[in-house]
Undergrad: 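Quick one: the structure is below, questions incoming.
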Amino acid sequence: MHVHLVNPSDASFGTAVITPRWMFVLASATPAHFGDPTLWDETLEHFDPLRVQPGDTVGIGIHTGNALRGYEVGRIARERGAWVVYGGIHATLYPEESFERGAAHAVVKGDGDLIWQHALRDCAMGTPERLYEGGRVDAESFVSARWDLLPKNKYMWASVQTVRGCAKHCSFCSVWRTDGQKPRQRSSEKVVNEIVELRRQGFRFIALADDNFYPVTLTDLALAERQNNPDQLRKLKAIREERFELMARLAELPRDLVFFTQITMESAEDEEFLRAMHKAKILGALVGVEAVTKEGLKAVYKDFNLSGENLANRLKKFREHGIHILGSFIFGLPSDRPDTFEATQLMAKQARLTFAQFVMLTPFPGTVDFERWEKSQGSEPEAVNGVPLTRYWLIPHENRPKMFMPHPSMSSEELRARTQTVWDQFYSWSAIWERSRCTPNLRARLAFIFVSKLYRQMYANTGISTDSARRSRATSWARLLAVPCLKLFQGKPMPDLAMPEWAKTATAGVPIAAVDPLPVLR
Ligand code: B12
Ligand code: SF4
């Protein structure tokens, strides 16, 4: 039985920005006797059904945005006689859909690290179960990725996870419900092992695919102290210490590495943490700013963010410590008014954000927003092509509405057009040129300009544009831009880079095929 893993995508760019980590983790979780799985990342090229033989297993990872294409791949694979297994956040939330729409034989819910080998064993025996509960795996059992299976010269950034889970509870986000509110931190040995392996291959830029890199805030510590709760305080301090230990170890790695993570804004008040981040070469972070007004923040349960002048000052703190921010903003909140768009654009400028994304409020399954919205649609929601709006991800892209939650004063088209204008303003040539001053040399400046344009093409035009001609033009542009970007991000491979002495003893980086925790299954 041969194993195939498919990361579905409608648009293939030939080159991708970030490695889809789950594929390389599941490849590692595939027992050795099945051989190396074939990896199909459709953001690079489409899955070729002719390579699938009867009796093979095809594992498909879906999030809400690519579920429809994933189901198509599943149906094709089943027609070829393969066992079809789904996993990923969307399959976890809607397992039945994979059977109804995607011709699934089985669905894995939750983390695939440990359960995947059971599913494969059962497929090989011709008796897959319907559902496998992967649950939330302990941090020590997270499987390290198989970077030896990476296709050459295809990805700009690799992705390594350091922590899963987030203690917050934002209304538009499912992470705290699916990954849990308790941070599960990987050991620094395992993280560093993966990074060394990637740097050997020539990767200089690595995204830390974390839910929230700052799991314990100064406020959390102060609260535990005020509540006179020594147990809690000790636990929180231990988590914080582990973060510092990881950052100290990242700091020892080659100087040309650059890391990027996702973090909450509260970290900006923690100067010790910011200094450690900079030393660790974590030079970029996505910060969910979401809204620039108090009302907007309240609406998304993100009151821990600041608004107004304080917001700009806090965000500037990152820049003062040499950390570049990709600010993420949401448009379409009930409190938004026509002047919110301009105010947001100005704030992004004032706060010296290096990059920004402006997304339209989307009710993602598994979130508080989704539940509220689904309820508000009643038992007979409006339908498009026979698909209820509350299952919008099943509506083909060309007919799928761009906004789902009606705004009290602006039409969907007005919101979309205003959002597009903000993207256009933030990523105009003159604005990019101005921001590119932050780079140290000409090569870096060029990289900055290319990446800014690429980011805009990939996310703004393909994401929020309703017009299919514009979408396909944007895809062609993104394809063209991606090639020079890739070259600018690559470093010279360092095949002889040594693993730090302290990390050598760990089994990190060794695929599960070699350290199978359940050898009895072989
Ligand atoms: C890093 C990250 C990104 C990065 C990198 C994405 C990439 N190409 O890898 C960036 C910043 C680019 C990004 C962008 C976006 N992201 Co994102 N991202 C994440 C994050 C934080 C971690 C993903 C990750 O790599 N995890 C590590 C791997 C190992 O874990 P995993 O993917 O969960 O896989 C495990 C299991 O799910 C399972 N599994 C997965 N697939 C399969 C398949 C099979 C067959 C099996 C058996 C098991 C299995 O096993 C794996 C190992 O345990 C997640 C949050 C999260 N906790 O999932 C959000 C998340 C996936 N993103 C999300 C969203 C919404 C987006 C955006 C749409 C945001 C936006 N508005 O622009 C874009 C979409 C981009 C795209 N088209 O993919 C949502 C998805 C919600 C949903 N219901 O679909 C999440 C869950 C966060 C959230 N806010 O709720 N993202
Ligand atoms: S949006 Fe960020 S801070 Fe909020 S719950 Fe999700 S991961 Fe945590």
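Please read these numbers as outputs of a predicted model, since none were measured by experiment. Each ligand, and each atom within it, is numbered from 1 in the order the structure gives. We use all heavy atoms of the structure for the numbers below, so side chains are in, but hydrogens, waters and symmetry mates are not.
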Undergrad: Is the closest protein non-hydrogen atom to atom 62 (N) of ligand 1 under 4.0 Å?
TA: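 Protein heavy atoms within 4.0 Å of atom 62 (N) of ligand 1 - there are none.
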
Undergrad: Among protein heavy atoms, which sits nearest to atom 81 (C) of ligand 1, and what does the distance come to when rounded to 0.1 Å?
TA: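 Closest protein heavy atom to atom 81 (C) of ligand 1: F364 CD2, 4.0 Å.
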
Undergrad: Would you check whether V359 has a nitrogen or oxygen atom less than 3.5 angstrom from a nitrogen or oxygen atom of ligand 1?
TA: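 No; the residue has no nitrogen or oxygen that sits under 3.5 Å from a nitrogen or oxygen of the ligand.
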
Undergrad: As an exercise, identify every atom of ligand 1 less than 4.0 angstrom from a heavy atom of W116.
TA: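 Matching atoms, with element in brackets: 47 (C).
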
Undergrad: Among side-chain atoms of S171 and D369, is any donor-acceptor pair under 3.5 angstrom?
TA: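 Judged by distance alone, the side chains do pair up.
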
Undergrad: Tell me whether the centres of the aromatic rings in Y214 and F273 are closer together than 6.0 Å.
TA: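 Distance test on ring centres: under 6.0 Å, yes.
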
Undergrad: Look at ligand 1 and say whether T19 reaches it with a heavy atom at a distance under 4.0 Å.
TA: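 Contact check T19 vs ligand 1: positive.
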
Undergrad: Verify the contact flag for atom 16 (N) of ligand 1, where contact means a protein heavy atom under 4.0 Å away.
TA: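 No; the ligand atom in question lacks any protein heavy-atom contact below 4.0 Å.
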
Undergrad: Could you say whether the N/O atoms of D211 and ligand 1 ever approach to under 3.5 Å?
TA: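 Looking only at distances, the answer is yes, because the N/O contact criterion of under 3.5 Å is met.
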
Undergrad: I'd like to check which ligand 2 atoms, numbered from 1 as shown, lie under 4.0 Å from a non-hydrogen atom of T264.
TA: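 Within the 4.0 Å cut-off of T264, ligand 2 contributes 3 (S).
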
Undergrad: Determine whether the side chains of T367 and S174 contain a donor N or O and an acceptor N or O closer than 3.5 Å.
TA: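 No, no side-chain donor-acceptor contact under 3.5 Å.
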
Undergrad: Going by the closest heavy atom to atom 26 (N) of ligand 1, which one wins out of Q161, R136, R21?
TA: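 Among Q161, R136, R21, the closest heavy atom to atom 26 (N) of ligand 1 comes from Q161.
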
Undergrad: So how many protein N, O or S atoms does atom 6 (Fe) of ligand 2 have within less than 2.8 Å?
TA: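 Under the 2.8 Å cut-off, the count stands at 1.
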
Undergrad: Go through the side-chain N and O atoms of W22 and N7 and say whether any donor and acceptor fall under 3.5 Å apart.
TA: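 There is such a pair (donor and acceptor under 3.5 Å, judged by atom type) between the side chains of W22 and N7.
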
Undergrad: Step by step, work out the side-chain hydrogen bond (donor to acceptor under 3.5 Å, both in side chains) result for E194 and W147.
TA: CA-CA 8 Å; E194 283 198 40; W147 296 123; 2.8 Å; yes

Undergrad: Between F99 and R130, is any pair of side-chain heavy atoms under 4.5 Å apart?
TA: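 Yes. Closest side-chain heavy atoms under 4.5 Å.
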
Undergrad: Would you check if P365 and W393 make a side-chain contact, meaning some heavy-atom pair closer than 4.5 Å?
TA: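 A side-chain contact under 4.5 Å exists here.
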
Undergrad: Going by the angle between their ring planes, with limits at 30° and 60°, are F331 and F341 parallel, tilted or perpendicular?
TA: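 Tilted: the ring planes of F331 and F341 meet at 30° to 60°.
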
Undergrad: What protein heavy atom is closest to atom 32 (O) of ligand 1, reported as residue, atom name and distance in Å?
TA: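 The closest one turns out to be W22 CB, 3.8 Å.
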
Undergrad: Taking 4.0 angstrom as the limit and counting only heavy atoms of L26, give me the atoms of ligand 1 inside it, by number and element.
TA: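 Listed by number with element: 43 (C), 44 (C), 45 (C), 46 (C), 47 (C), 48 (C).
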
Undergrad: Is the shortest heavy-atom distance from the side chain of F24 to the side chain of S144 under 4.5 Å?
TA: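 F24 does not reach S144 side chain to side chain.
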
Undergrad: So, E97 and Y71: side-chain donor and acceptor under 3.5 Å apart, yes or no?
TA: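 Yes, side-chain donor-acceptor contact under 3.5 Å.
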
Undergrad: Should D210 and Q161 count as side-chain neighbours, where that means a heavy-atom distance under 4.5 Å?
TA: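 Result yes, sub-4.5 Å side-chain heavy-atom pair found.
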
Undergrad: Output the list of atoms in ligand 1 that are nearer than 4.0 Å to some heavy atom of G59, sorted by atom number.
TA: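 Ligand 1 atoms under the 4.0 Å threshold to G59: 45 (C).
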
Undergrad: S174 near ligand 1, heavy-atom distance under 4.0 Å?
TA: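 Within the 4.0 Å threshold, so yes.
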
Undergrad: Out of A67, S28, P363, G110, indicate the one that has the non-hydrogen atom closest to atom 38 (C) of ligand 1.
TA: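 Shortest heavy-atom distance from atom 38 (C) of ligand 1: G110.
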
Undergrad: Out of all atoms in ligand 1, which are within 4.0 Å of some heavy atom of G61? Include the element for each.
TA: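 That gives atoms 41 (N), 42 (C), 43 (C) of ligand 1.
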
Undergrad: Can you name the atoms of ligand 1, numbered from 1 with element, that are less than 4.0 Å from a heavy atom of V108?
TA: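 This gives 47 (C) as the contact atoms.
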
Undergrad: Among protein heavy atoms, which lies nearest atom 37 (O) of ligand 1, and at what distance?
TA: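 Heavy-atom neighbour on the protein nearest atom 37 (O) of ligand 1: G88 CA, 3.6 Å.
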
Undergrad: Compute the minimum heavy-atom distance from S159 to ligand 1 and say whether it is under 4.0 Å.
TA: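 No, S159 has no heavy atom closer than 4.0 Å to ligand 1.
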
Undergrad: As an exercise, identify every atom of ligand 1 less than 4.0 angstrom from a heavy atom of C173.
TA: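 Near C173, meaning under 4.0 Å from one of its heavy atoms, ligand 1 has 88 (C), 89 (N), 90 (O).
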
Undergrad: So F355 and F448, ring-ring contact (aromatic ring centres under 6.0 Å, His included) or not? Walk me through it.
TA: CA-CA 10 Å; F355 292 96; F448 184 94; 5.2 Å; yes

Undergrad: What class does the angle between the rings of H2 and H4 fall in, given that below 30° is parallel, 30 to 60° is tilted and above 60° is perpendicular?
TA: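 Answer is perpendicular, since the angle exceeds 60°.
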
Undergrad: Judged on heavy-atom distance to atom 88 (C) of ligand 1, which of V143, T178, N212, V175 sits nearest?
TA: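 Residue with the shortest heavy-atom distance to the ligand atom: V175.
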
Undergrad: Would you mind telling me which of K317, R240, R314 makes a salt bridge (charged side-chain N to carboxylate O under 4.0 Å, His left out) with D270?
TA: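 That would be R240; it is the only one of K317, R240, R314 passing the salt bridge (charged side-chain N to carboxylate O under 4.0 Å, His left out) with D270.
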
Undergrad: Does the gap between the ring centers of F203 and W157 come in under 6.0 Å?
TA: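 Centroid separation for F203 and W157: 6.0 Å or greater.
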
Undergrad: Does the protein place any heavy atom closer than 4.0 Å to atom 66 (C) of ligand 1?
TA: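 It does not: no protein heavy atom is found less than 4.0 Å away from atom 66 (C) of ligand 1.
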
Undergrad: Flag Y86 as yes when one of its N or O atoms lies below 3.5 Å from any N or O atom of ligand 1, and as no otherwise.
TA: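 Y86 vs ligand 1: no N/O contact under 3.5 Å.
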
Undergrad: Would you check if there is a donor-acceptor pair between the side chains of S328 and Q357 at a distance under 3.5 Å?
TA: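 S328 and Q357 do have a side-chain donor-acceptor pair below 3.5 Å.
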
Undergrad: Run down the list V17, D210, D179 and name the one with the heavy atom closest to atom 58 (O) of ligand 1.
TA: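 Of the listed residues, D179 has the closest heavy atom.
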
Undergrad: Just to confirm my output: which protein heavy-atom neighbour is closest to atom 2 (Fe) of ligand 2, and how far is it?
TA: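 Looking only at protein heavy atoms, the one closest to atom 2 (Fe) of ligand 2 is K302 NZ, 4.2 Å.
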
Undergrad: Evaluate the 4.0 Å heavy atom contact test for atom 53 (O) of ligand 1: does a protein atom fall under the cut-off?
TA: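 Yes, because at least one protein heavy atom sits under 4.0 Å from atom 53 (O) of ligand 1.
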
Undergrad: Within 45 degrees of the axis of the six-membered ring of F142 and under 6.0 Å from its centre: does R164 put its NZ or CZ there?
TA: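 Yes.
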
Undergrad: By number and element, which atoms of ligand 1 are closer than 4.0 Å to a non-hydrogen atom of I89?
TA: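 Those qualifying, in numeric order: 82 (C), 84 (O), 86 (C).
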
Undergrad: Only heavy atoms of V85, strictly under 4.0 Å: list the atoms of ligand 1 that pass.
TA: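 This gives 45 (C) as the contact atoms.
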
Undergrad: Where is the nearest protein heavy atom to atom 50 (O) of ligand 1: which residue, which atom, and how far?
TA: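 Going by distance alone, atom 50 (O) of ligand 1 is nearest to G112 N, 2.9 Å.
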
Undergrad: Please determine if R243 forms a cation-pi arrangement with F213, meaning its NZ or CZ atom is less than 6.0 Å from the six-membered ring centre and no more than 45° off the ring axis.
TA: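 Yes, R243 and F213 form such a contact.
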
Undergrad: Would you say atom 44 (C) of ligand 1 touches the protein, meaning some protein heavy atom is under 4.0 Å from it?
TA: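 When distances to the protein are checked, atom 44 (C) of ligand 1 has a heavy atom within 4.0 Å.
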
Undergrad: State whether R101 and E96 are salt-bridged, where the test is any N-O pair (Lys NZ or Arg NE/NH1/NH2 against Asp/Glu carboxylate O) under 4.0 Å.
TA: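 Salt bridge absent between R101 and E96.
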
Undergrad: In residues 133-140, what donor-acceptor pairs under 3.5 Å come from side-chain atoms, sequence neighbours left out?
TA:
unit_1: R136; atom_1: NE; unit_2: T178; atom_2: O; d: 3.0
unit_1: R136; atom_1: NH2; unit_2: R177; atom_2: O; d: 2.8

Undergrad: May I have the step-by-step check of side-chain hydrogen bond (donor to acceptor under 3.5 Å, both in side chains) for D336 and H407, ending in yes or no?
TA: CA-CA 9 Å; D336 285 353; H407 188 270; 5.4 Å; no

Undergrad: I'd like to know if the side chain of T30 reaches the main chain of L26, judged simply by a donor and an acceptor atom lying under 3.5 Å from each other, with no hydrogens or angles considered.
TA: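 A pair under 3.5 Å: yes.
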
Undergrad: Just to confirm my output: which protein heavy-atom neighbour is closest to atom 5 (C) of ligand 1, and how far is it?
TA: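 Nearest protein contact, heavy atoms only, for atom 5 (C) of ligand 1 is I18 CD1, 4.0 Å.
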
Undergrad: Does T64 reach ligand 1 with a nitrogen or oxygen that is under 3.5 Å from one of the ligand's nitrogen or oxygen atoms?
TA: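 Indeed, backbone or side chain, T64 has an N or O that close.
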
Undergrad: I'd like to check atom 48 (C) of ligand 1 in this structure: does the protein have a heavy atom lying under 4.0 Å from it?
TA: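 So far as the 4.0 Å threshold goes, atom 48 (C) of ligand 1 is in reach of a protein heavy atom.
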
Undergrad: Under 4.0 Å between a Lys/Arg side-chain N and an Asp/Glu carboxylate O for E197 and R146?
TA: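 No.
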
Undergrad: Nearest protein heavy atom to atom 84 (O) of ligand 1: under 4.0 Å?
TA: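 Neighbour list for atom 84 (O) of ligand 1 includes protein heavy atoms (cut-off 4.0 Å).
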
Undergrad: Nearest non-hydrogen atom to atom 76 (C) of ligand 1 belongs to which of R164, H63, H90, M23?
TA: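 The residue whose heavy atom sits nearest atom 76 (C) of ligand 1 is H63.
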
Undergrad: Under 4.0 Å from atom 1 (C) of ligand 1, can you find at least one protein heavy atom?
TA: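 When distances to the protein are checked, atom 1 (C) of ligand 1 has a heavy atom within 4.0 Å.
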
